[in-house]
Amino acid sequence: MLRLLLRLFMENQLHLSEPERLRRQKLIELQEMGINPYPAEAFPVNITATDIKSNFEADKENQKWKEIAIAGRVMGVRDMGKAAFVVIQDDLGKVQVYVRRDDICPSEDKSLYDVVFKKLLDIGDIIGIKGFVFITKTGEVSIHANEISILSKALRPLPIVKEKEGETFDAVTDPEFRYRQRYADLIVNPHVKDTFRKRTQIIRSIRDFLNDHGAMEVDTPVLQNIPGGAAARPFITHHNALDIPFYLRIANELYLKRLIVGGFDWVYEFSRNFRNEGMDRTHNPEFTILEFYVAYKDYYWMMDFTERMLEKVAMELHGTTSVQLGENQIEFKAPFKRISIFEAILENTGFDVSQMDEEGIRSVCQKLNIHTEPSMGKGKLIDELFSETCESKFVQPTFIIDYPVEMSPLTKKHRSKEGLVERFELMINGKEVANAYSELNDPIDQRERFEEQIKLMERGDDEAMFIDDDFLRALEYGMPPTSGIGIGIDRLCMMLTNQQSIQDVLFFPQMRPEVRHKLAEEESPESSN
RNA sequence: GAUUCGGUAGCUCAGCUGGUAGAGCAUUACACUUUUAAUGUAGGGGUCCUGGGUUCGAGUCCCAGCCGGAUCACCA
């Protein structure tokens, strides 16, 4: 009695809705009947909904349909008195279960059906069914239940999504609900689950392709002393025992190159990177880049390899290289178009900036109404010019090649074109998906490039790179000629799964915390850094 | 960070120039032993995001804040 009162008091404190109070009441009733709503025993699942739905009709006599055990979440109930249809959903699909009172309650005691099944079972509960497969009068492959057991009671009502002939009704669309409560989103929106299956498939295809070609998967530090390998603001943290700051990596490039120095000729890593920048449809503070580095190759080889890899990934995912993306049809068939950044600017603006100095390019920017900052060097100005006037034009996969040296501090100088480097970016659907170089392996040149970055930093560019002396020391031992690439995995997944937002290819996209903790509010405002 | 749109029942949404809070689904009760957005009948359910203000009276108007989306800025 005391426990009951305590429980009632606590539930009052929780501000439970009426359906939530009811479900808690049902939980108690189950326990009072001696039924554990959260049993410990394994349930011997021997079949899936999809297996039943897709294979029963062609092979009805197979023994395996005679004694099945299936588990899943109750997604709908059509109660007709002494019989009912229950739709259950398991990992891959849905199937309906025919539950007849006299089958699950063969004796005089009908309470399992009349009370447990009809009164205490809710949509969202997870149940186990034992029975056999059959086809209903209306022709639907179904399960005839002989036994039914509760495997987990749901205390929170699920948003109900109804569907008929592929059309859905009252689907949960609120992005805040979907991203904060992804678990519920995954339950009620099957297409979301499908997108994430595809993401896993994409990563597996890439990994297989790399492994098949002799690459070795490695792990490198996430906590770094010097956040190198890219131009971005890092997250900073602190190591207590050493009493020094650490940075969450913005890239793993410099570590993979150290491994190339160490004698591994082909290394790759799916690197979770962290950048302390804004968030939008194509940016999340943590995101995944695949980087790989191959000794004795150059950026031409890398273009060939990349287009073959993406062609194969698209093919394995969709069975075709032609992929629907919004209004566009993206063709992943190799080879991809190649165009130099200066040609791209010339084509789209009519200005040939390839021979211009910093001031000349600045005046072109002004003519085109492109905002510039005094801190911008020649490289940054060209980058700005390209992204403002060209980037969105490249819908089909296109390699933009031969960037100016100023914007590529880790890239080898071009073998024949003065002032350029051997670099390409891969544009798909107007977005950068990959960035690759013939890697700079001249330690003296590399030191000078770092020093250029320091000058940019002094001009006010807060994303210029730091000097990494240990990386330079590694290069001094000699790094073989190497080509490397970084591929934005989240963006690639968006493009291959027809998603408009990075949040739709990340299980748990970053969001502002839901509730402000009182403690945090009471603390001094200075502590927010 | 800026601009803009939004936040009403578990879900999807309506709510006019300010006047007692609405629908469908879900839920509860009853009926129904092959239904499938099951059906029929009858109910219950609200911190209208939060806090101020204007007003006799605020879901509605004003101000501030919180959360989200879109666009822009930074960036991949």
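Because the structure is predicted, anything quoted here is derived from the model rather than measured. Below, read A as the first sequence line, B as the second, and so on, with proteins coming before strands; counting in each chain starts at 1.
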Subject >> Donor-acceptor pair present, A:Asp280 side chain and B:rC74 base, under 3.5 Å >> reply: yes
Original post:
Taking atom P in both B:rU50 and B:rC66, what distance in whole Å separates the two?
Top reply: 15 Å
**OP:** Identify the two heavy atoms, one from A:Met309 and one from A:Leu290, that lie closest to each other, and give their separation to 0.1 Å.
**Re:** CE-CD2, 4.3 Å
**OP:** Using the C1' atom on both, measure B:rG43 against B:rC5 and round to a whole Å.
**Re:** 38 Å
Original post:
What integer number of Å spans the C1' atoms of B:rG46 and B:rU8?
Top reply: 8 Å
**OP:** Figure out the CZ/C1' separation between A:Phe177 and B:rG68, and round it to whole Å.
**Re:** 14 Å
Original post:
With A:Ser392, which residues qualify under side-chain hydrogen bond (donor to acceptor under 3.5 Å, both in side chains), at least two apart?
Top reply: none
**OP:** Looking only at side-chain atoms of A:Thr173, point me to the closest of B:rA76, B:rA38, B:rC13.
**Re:** B:rC13
**OP:** Determine the Euclidean distance between corresponding P atoms of B:rC61 and B:rG19; express it in Å to zero decimal places.
**Re:** 11 Å
Subject >> Proximity to RNA chain B (any heavy atom under 4.0 Å), residues of residues 391-402 of chain A only >> reply: none
Original post:
Nearest to the side chain of A:Lys82, which nucleotide is it out of B:rC32, B:rC13, B:rA76?
Top reply: B:rC32
Subject >> Nearest-nucleotide comparison on RNA chain B, the residue closer to the 5′ end among A:Arg275 and A:Arg281 >> reply: A:Arg281
Original post:
Tell me: CZ of A:Arg101 to C1' of B:rU35, nearest whole Å?
Top reply: 18 Å
Subject >> B:rA38 base stacked by A:Phe85 (centroids within less than 5.5 Å, tilt under 30°) >> reply: no
Subject >> Side-chain N or O of A:Arg78 closer than 4.0 Å to phosphate OP1/OP2 of B:rA38 >> reply: yes
Original post:
Any N or O donor-acceptor pair linking the side chain of A:Gln96 to the base of B:rU35 at under 3.5 Å?
Top reply: yes
**OP:** Show your reasoning for whether salt bridge (charged side-chain N to carboxylate O under 4.0 Å, His left out) applies to A:Arg182 and A:Asp185.
**Re:** CA-CA 5 Å; A:Arg182 180 68 89 185; A:Asp185 183 32; 2.8 Å; yes
Original post:
Quick one: A:Phe274 CZ to B:rA76 P, roughly how many Å, whole number?
Top reply: 17 Å
Original post:
Taking OP1 and OP2 of B:rG68, is either one under 4.0 Å from a side-chain nitrogen or oxygen of A:Arg180?
Top reply: yes
Original post:
A:Gln503 near the nucleic acid: base, sugar-phosphate alone, or nothing, with a heavy-atom cut-off under 4.0 Å?
Top reply: sugar-phosphate
**OP:** May I have the distance from A:Ile370 (atom CD1) to B:rA73 (atom P), rounded to whole angstrom?
**Re:** 11 Å
Original post:
Could you run down nucleotides 23-29 of chain B 5' to 3' and tag each one B, S or - for protein heavy-atom contact under 4.0 Å?
Top reply: -BSSSSS
Subject >> Pairwise P distance for B:rA23 and B:rA9, with rounding to whole Å >> reply: 14 Å
**OP:** Output yes when at least one side-chain N/O atom of A:Arg512 is less than 4.0 Å from OP1 or OP2 of B:rC67, else no.
**Re:** yes
**OP:** Using the C1' atoms only, state how far B:rG10 lies from B:rG44, rounded to an integer number of Å.
**Re:** 14 Å
